[in-house]
Amino acid sequence: MHISEAYEHEPILPYQPEDTCPINSCNKTVSQCVEVSAPVTLTPTAVVGNISTACQSAPEVTCVTNNQDNSVTVTVTQRICVSIPIRFGVEKADDDPKITCADGKCVRCGD
């Protein structure tokens with residue numbers, strides 16, 4: 001039942017001071033503070049597409065001879081442009097809203 005359904009069938013009577021109430025009855029308005037929560041869970045998504053590479057300029061080559069002159073180390077350095085397409089997003093999952101009494105936590109409703 002929705003909160004507003006409680007009032008759809010019978011109109012709320014206006015507040016009347018005690019001295020104007022009909023004999024053997026009176027109308028009162030009460031308030032109750034409630035806490036309502038609506039949990040939403042967010043989960044990140046990331047999908048990596050096909051990665052592509054492209055060489056940039058010519059490679060650099062260095063050659064270093066070791067101290068005993070019995071070996072050399074050749075290092076080839078190539079600048080490469082790497083393109084990585086990524087699609088970011090967020091998925092949500094909402095749970096049922098909750099309502100609980102807020103006993104002793106409210107001063108007055110409407111303040």
Side-chain angles (χ1 to χ4, degrees):
M1 174 168 77
H2 297 289
I3 293 173
S4 62
E5 288 178 3
Y7 303 108
E8 290 178 1
H9 305 289
E10 182 176 331
I12 298 174
L13 300 175
Y15 172 77
Q16 294 176 336
E18 297 264 349
D19 57 352
T20 62
C21 288
I23 297 174
N24 296 326
S25 68
C26 65
N27 299 325
K28 295 288 183 181
T29 301
V30 298
S31 298
Q32 172 64 47
C33 190
V34 295
E35 292 180 355
V36 178
S37 63
V40 176
T41 302
L42 300 176
T43 306
T45 61
V47 178
V48 178
N50 293 327
I51 297 173
S52 63
T53 59
C55 292
Q56 302 287 304
S57 67
E60 294 180 13
V61 179
T62 59
C63 183
V64 178
T65 305
N66 73 355
N67 292 339
Q68 292 81 27
D69 291 333
N70 59 4
S71 69
V72 294
T73 301
V74 176
T75 303
V76 180
T77 303
Q78 175 69 56
R79 182 170 293 169
I80 299 175
C81 179
V82 179
S83 296
I84 306 169
I86 302 175
R87 185 177 68 236
F88 291 100
V90 174
E91 293 179 351
K92 73 172 183 80
D94 31 323
D95 297 325
D96 292 333
K98 307 275 190 249
I99 187 167
T100 59
C101 294
D103 296 329
K105 295 181 184 177
C106 293
V107 178
R108 281 183 26 198
C109 287
D111 286 348

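In terms of modelled atom types and a separation under 3.5 Å, the side chain of T65 and the main chain of V72 share no donor-acceptor contact. A donor-acceptor pair under 3.5 Å is formed between the side chain of Q78 and the backbone N or O of Q56.
In this structure, T77 OG1 and E60 CD are separated by 6.0 Å, a value rounded to the nearest 0.5 Å. Between the NZ atom of K92 and the OG1 atom of T43 there is a distance of 11.5 Å, given to the nearest 0.5 Å.
Taking both residues in full, the closest heavy atoms of P59 and V76 are given as CB-CG1, 4.0 Å, listed atom of the first, atom of the second, then distance.
Taking Ile, Leu, Val, Met, Phe, Trp and Tyr as members and joining any whose side-chain heavy atoms lie under 4.5 Å apart, directly or through other members, the hydrophobic cluster of V40 also contains L42, V90.
When side chains are defined from C-beta on, I84 counts as touching V48, because their heavy atoms get closer than 4.5 Å. Between N66 and T73, the closest side-chain pair of non-hydrogen atoms is not below 4.5 Å.
Under a hydrophobic clustering in which Ile, Leu, Val, Met, Phe, Trp and Tyr are joined whenever their side-chain heavy atoms come within less than 4.5 Å, directly or via other members, V82 and I86 fall into the same cluster.
Under a cut-off of 6.0 angstrom, the local environment of CG in D95 is crowded, with over 12 non-hydrogen atoms contributed by other residues, nucleotides or ligands. The 12-atom threshold is not exceeded at CD of E91, counting heavy atoms of other residues, nucleotides or ligands nearer than 6.0 Å.
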